[in-house]
Amino acid sequence: MGNLSTVLLVLMLMVTAGCSAQRPTDAGTTGNNSKISVLDSRGKEIIFDSPPNRIVSLSPAHTEIFYMLGLENYLVGVDSFSDFPDQVSKKPQVGDAFTLNIEAVVGLEPDLIYTTFDGPVEVLEELGLRVLYIFPAKDVKGVLQNIKLLGDITDREYEAKDVIERIESQIEVAKSRLSGIEAEFRVYYELDPGLYTVGDDSFVGDILSMLGLENIGAGSDSPYPKISEEVIIFNDPEIIILADGREFVATGTTVGEVSKRPGWQSITAIKRKSIYIVDGSLISRPGPRIGLGVEKIVDFILDAHSKQS
Amino acid sequence: MTPILNNPKGKEDSIKGNETDWVDHVKAMLHRRYPVARIALGIIAIIVVMAISAGRGAIEIPIDVVAIIIMDKLRMAEPSADLPSVWETIVWNIRLPRVITAGIVGSALALSGATFQGIFRNPLADPYLIGVASGAGLAVTIIIISPIPNYLWGINLLPPVAFLGALLAVAIAYLLSNNVDPRSTNSLVLAGVAVTFMASSMTTFLMLQASPDMRPILNWLLGGVSQGGWDRPAWLLPYVLPCGIFIMLHSRTLNVLQLDRDHAMQLGINVDRTKVSLIVCASLATAAAVSVSGMIPFVGLMAPHCVRLLWGGDHRNILPMSTVVGALLLIFSDMLARTILSPEELPVGVITAFFGAPFFVLLLRRNKTLGEQV
Amino acid sequence: MLEVKNLEFAFEDKLALKGINLTVPKGEILGIVGPNGSGKSTLLRIISGVLAPSKGSVQWDGVDLTQLPAKDRARFVAMVSQQATLPDGIKVLDLVAMGRTPYLGILGKESGGDLEAIVKAMRDTDTYVMRNISVEKLSGGERQRVLLALALAQGSSLLLLDEPTASLDIAYETALLDTVLRLQQGMDGVVIMSIHNLTLAAQYCTCMAMMKNGSVIAYGHPSDVLTVENIRRVYETDVTLFDHPVSGLPVVVPISNAEGRKMDYQ
């Protein structure tokens with residue numbers, strides 16, 4: 001019995017790994033203000049004659065974008081992982097992108113369903129609903145593009161431009177705080193105490209390299225590799241960041257626990273106490289709060305820098 | 001009227017000499033049943049493979065350096081001044097405990113598997129048969145997705161919780177079977193299967209409820225012997241060592257238990273009590289292994305089976321050699337898990353599952369009588 | 001001497017054995033006969049200690065076997081079962097050596113006495129030639145001989161055989177029983193056999209007990225026990241009895257009730 005279910009688990013692991021290894025494509029918009037045509041991630045053309053009035057969002061990042069664009073009243077349903085801002089808890093939930101409650105979605109009579117996962121797309125379209133399926137953004141640029149796209153579709157171009165500029169300036173300010181210091185710290189970003197980290201090909205990985213950090217997890221192909229303990233020790237990170245928060249596992253890993261891991265005492269980050277906890281949804285969610293996330297990381301870098309001597 | 005049949009043609013051993021010679025021959029045959037030489041060779045092999053494995057990984061460390069590091073810690077030699085200290089940390093704090101944990105877990109699983117195969121008289125029994133692994137998995141899943149943090153007051157909660165879950169599952173299976181049909185081992189197997197199904201389905205349900213949290217659960221379930229340093233072998237030994245010794249002392253008894261229950265009883269063995277005590281020991285050892293390294297598949301099934309196909313059904317051979325083969329298997333698999341996708345690391349359960357299956361098929365073809373045994 | 005005193009055995013509200021009393025002196029071969037369900041196997045299993053009686057005792061030279069711990073009892077009584085399972089992959093020698101289990105400690109290294117008992121058992125059953133053969137390769141007759149060797153290796157004075165010839169054909173049947181007979185002549189013990197074939201029982205047993213519905217209804221010399229009336233009472237069928245021309249022991253021939261076959265006898 002144990003052996004059979006393990007084979008099934010292996011398959012599941014491969015599937016979830018496969019799902020996160022998608023290549024992003026740009027979703028472009030064409031057309032004038034009255035009619036917008038969007039190419040979704042399947043290459044299918046989705047037409048918007050008019051801005052949608054009843055939106056269901058199956059992506060927590062885009063729920064946040066909708067709120068920031070002032071579309072709160074047009075959002076009729078969200079997925080169970082959408083947790084920001086607080087008001088969203090009052091919205092009807094329809095399950096999540098993996099296990100969607102189709103009936104609930106249909107019952108809300110939406111004229112647009114936004115999803116970053118292709119699982120429910122066909123089913124919903126067969127029911128005559130309009131679905132916009134866009135890969136999750138792989139980098140900051142991609143997030144800004146998505147914000148612009150949503151602004152275009154919903155006739156909120158100015159608000160979108162506002163949000164984009166705000167985020168860009170947040171990032172610029174954050175980066176400028178790093179000027180004048182040698183910030184090429186080696187960093188280990190821990191998603192999970194099973195030693196899962198972020199690779200180059202991930203959103204977080206992109207932010208880390210944007211800030212000039214040397215990500216230990218960058219050596220492998222997968223976006224979320226499980227890394228060997230000795231690799232961490234050998235590469236001796238100067239900063240350790242622990243991801244906390246619902247989206248990528250709330251295991252309550254503490255700084256204390258990490259410091260006590262056998263064999264880790266020789267690591268520079270531990271010796272200097274440069275271990276930091278970040279709310280995962282700030283920097284691993286490709287949403288409008290990434291500016292805040294970047295600020296947080298810069299805070300860490302500055303703190304680590306001050307502890308250098 | 002003399003019977004015609006007495007000498008089966010073509011099957012006999014010659015009878016040389018008189019009866020005192022016979023006694024000597026018999027003595028030689030019987031006393032050779034304990035495969036001392038094989039065990040000694042096996043232990044040497046384990047040490048060699050451990051040493052090799054301690055040198056391989058994302059960072060290659062030559063085996064003589066490994067030896068020097070070990071001897072330095074034992075205050076038997078001085079390392080050269082230019083030895084990178086990070087190598088020392090890696091070998092002594094990471095690799096060595098890991099390799100030793102793999103050895104202990106592998107031998108615990110294999111020995112338990114061999115014991116269960118003997119008690120249930122089924123060569124397809126494995127140590128997870130009566131619910132140990134699924135009980136541990138369910139307990140761990142509950143902790144991971146519940147608001148209870150995995151680390152409380154500086155202790156990793158998962159191993160003790162897994163241990164309790166494992167024992168609870170076995171206890172439930174035992175009570176169930178005892179209620180229905182007290183002395184039958186078949187009913188224990190069925191009860192164990194029922195418990196396994198229940199626990200597995202609850203685990204899967206909980207996993208789906210907590211989608212993004214799936215990874216740590218999957219990670220734990222697929223098994224690994226890494227992390228945790230010297231704590232792990234220290235936690236394992238107090239369970240595995242005494243249980244292992246107890247089981248191996250009963251090698252001869254396990255042979256006799258292969259006979260009918262009545263027959264074994266007539267030979268003076270308290271069948272029920274012996275079976276229960278062996279099941280308890282095997283379950284304890286398995287629970288300890290699973291609590292430390294998750295649900296590693298195939299080792300507990302394959303190792304004793306290989307030994308059985310290679311060297312026959314005498315438990316005085318099977319029990320110690322399964323222990324050796326199990327250790328070797330897991331140490332080797334762990335080394336592969338660490339090196340195949342370097343710097344990335346696979347859960348060791350993936351390796352044992354991937355290589356276990358075809359290897360098993362190969363052995364199956366080698367010895368076709370397997371079909372008749374099942 | 002074996003004494004069975006007031007033996008009773010109840011199972012699921014049914015009395016399977018009712019008040020059995022037997023006295024078997026040393027040197028005897030006792031044959032237990034009776035229809036299926038008469039309690040033959042149950043009686044043997046109680047004497048061997050596998051089942052515990054509800055009432056009564058089984059005494060050997062005054063020692064109550066039912067009260068002994070299993071290991072001690074195993075030195076007194078050994079049994080060869082009807083359909084014994086033999087594990088695959090084990091050699092004949094190792095199987096016979098299992099007979100010494102009651103005498104060995106946990107690690108079980110056989111000492112001189114054990115080795116001699118094993119060799120003697122195999123010599124007496126003519127199984128020494130097969131010592132290195134895996135048991136699954138044996139024929140039916142060879143299996144029974146090996147099982148007999150196992151029982152003999154136990155060194156017990158009381159030997160029980162439950163339908164030992166049930167699956168054997170004629171040559172093996174006779175061979176096995178001849179072996180038992182020969183062994184008993186050198187032994188100071190008691191052999192008890194449950195046997196289906198009445199004629200065979202008469203030829204080889206020195207005394208006989210006939211059972212029906214859990215009771216012994218006749219006990220004594222085979223010629224006295226095997227009578228037409230007894231057989232009619234117990235088996236509810238008619239038979240013809242002849243005397244064997246050489247041994248003088250009863251030969252039982254069933255009478256057919258089919259048309260054209262019915263024979264008129266006085």
Side-chain angles (χ1 to χ4, degrees), chain B residues 1-8 11-15 19-31 33-34 118 121 123 246 248-271 273 308-309 311-318 369 372-373, chain C residues 45 48-50 69-75 77-79 81 83-91 93-95 97-99 101-102 104 106-110 112 115-116 118-120 122-123 126 128-134 136-139 141-142 150-151 154 171-172 174-176 178-179:
Chain B
M1 166 173 164
T2 38
I4 319 166
L5 51 78
N6 267 349
N7 294 321
K11 290 195 244 168
E12 52 194 65
D13 276 322
S14 56
I15 314 179
E19 195 157 311
T20 24
D21 288 341
W22 290 15
V23 171
D24 289 332
H25 288 150
V26 161
K27 177 174 178 180
M29 276 180 71
L30 286 178
H31 289 174
R33 290 302 187 240
Y34 291 94
R121 291 192 274 176
F246 183 85
M248 289 219 241
L249 286 177
H250 285 78
S251 310
R252 220 174 182 283
T253 311
L254 261 174
N255 281 346
V256 181
L257 282 177
Q258 301 306 302
L259 302 170
D260 292 330
R261 185 168 181 274
D262 281 0
H263 205 164
M265 281 181 67
Q266 285 157 33
L267 286 169
I269 297 201
N270 189 332
V271 171
R273 203 178 59 198
R308 196 184 291 271
L309 288 176
W311 291 309
D314 192 332
H315 286 88
R316 287 170 289 190
N317 203 353
I318 294 182
T369 59
E372 293 147 45
Q373 282 177 20
Chain C
R45 292 178 78 204
S48 75
V50 167
K71 216 170 187 191
D72 295 333
R73 184 174 45 225
R75 302 185 192 195
V77 51
M79 179 151 143
S81 292
Q83 296 282 334
T85 319
L86 295 184
D88 286 335
I90 196 167
K91 302 226 181 343
L93 176 60
D94 294 304
L95 188 66
M98 285 190 196
T101 307
L104 299 171
I106 253 202
L107 262 184
K109 237 185 164 151
E110 294 91 356
L115 296 168
E116 281 173 20
I118 295 172
V119 168
K120 180 170 184 298
M122 287 205 287
R123 188 201 59 202
D126 218 355
Y128 186 74
V129 283
M130 309 170 206
R131 64 192 181 283
N132 245 335
I133 301 176
S134 268
E136 69 265 13
K137 302 200 177 114
L138 300 175
S139 71
E142 290 162 343
L150 206 182
Q154 267 179 269
Y172 288 96
T174 333
L176 189 73
D178 279 345
T179 307

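Note on naming: letters A, B, ... go to the chains in the order of the sequence lines (proteins, then strands), and numbering restarts at 1 for each one.
More than 12 heavy-atom neighbours from other residues, nucleotides or ligands sit within 6.0 angstrom of NZ on C:K71.
When heavy atoms are compared at a cutoff of 4.5 Å, C:L95 approaches chain B solely by way of its side chain, counted from C-beta outward. Using a 4.5 Å cut-off between heavy atoms, C:T85 contacts chain B through both its backbone and its side chain. Heavy atoms of B:D262 lying under 4.5 Å from chain C belong to its backbone as well as its side chain. Neither the backbone nor the side chain of C:R75 comes within contact range of chain B; no heavy atoms are under 4.5 Å apart. Only the side chain of B:R316 comes within contact range of chain C, with heavy atoms under 4.5 Å apart.
When all heavy atoms are compared, the tightest approach of C:G141 to C:Y172 is CA-CD2, 3.1 Å. When every heavy atom of B:G268 is checked against every heavy atom of C:A74, the shortest pair comes out as N-CB, 3.7 Å. Here the closest heavy-atom approach between residue C:M130 and residue C:L138 is recorded as SD-CD2, 3.8 Å. Minimum interatomic distance between C:K91 and C:N132 (heavy atoms only, all atoms of both residues): CD-O, 3.0 Å.
Of the listed residues C:D94, C:V77, C:T101, the one with more heavy-atom pairs under 4.5 angstrom with chain B than any other is C:D94. Contact tally against chain C (heavy-atom pairs below 4.5 Å) for B:Q258, B:M248, B:Q266: the top residue is B:Q266. The candidate with the highest count of non-hydrogen atom pairs below 4.5 Å against chain C, out of B:L259, B:L30, B:V256, is B:L30. Most heavy-atom pairs under 4.5 Å with chain B, from the set C:M79, C:Q154, C:E136, C:E110: that is C:E110. The residue among B:H263, B:M29, B:M265 with the most heavy atom pairs within less than 4.5 Å of chain C is B:M29. Counting heavy-atom pairs closer than 4.5 Å to chain B, the top-ranked of the candidates C:L176, C:L104, C:V50 is C:V50.
Taken from OG1 in B:T253 to CD1 in B:I269, the straight-line distance is 5.0 Å, to the nearest 0.5 Å.
Side-chain contact between C:Y128 and B:H25: present, with at least one pair of heavy atoms (C-beta onward) separated by less than 4.5 Å.
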Original post:
Would C:I133 and C:E142 count as a side-chain contact (heavy atoms from CB on, under 4.5 Å) if you check the C-alpha gap in whole Å, the side-chain angles of each, and the deciding distance to 0.1 Å?
Top reply: CA-CA 11 Å; C:I133 301 176; C:E142 290 162 343; over 6 Å; no
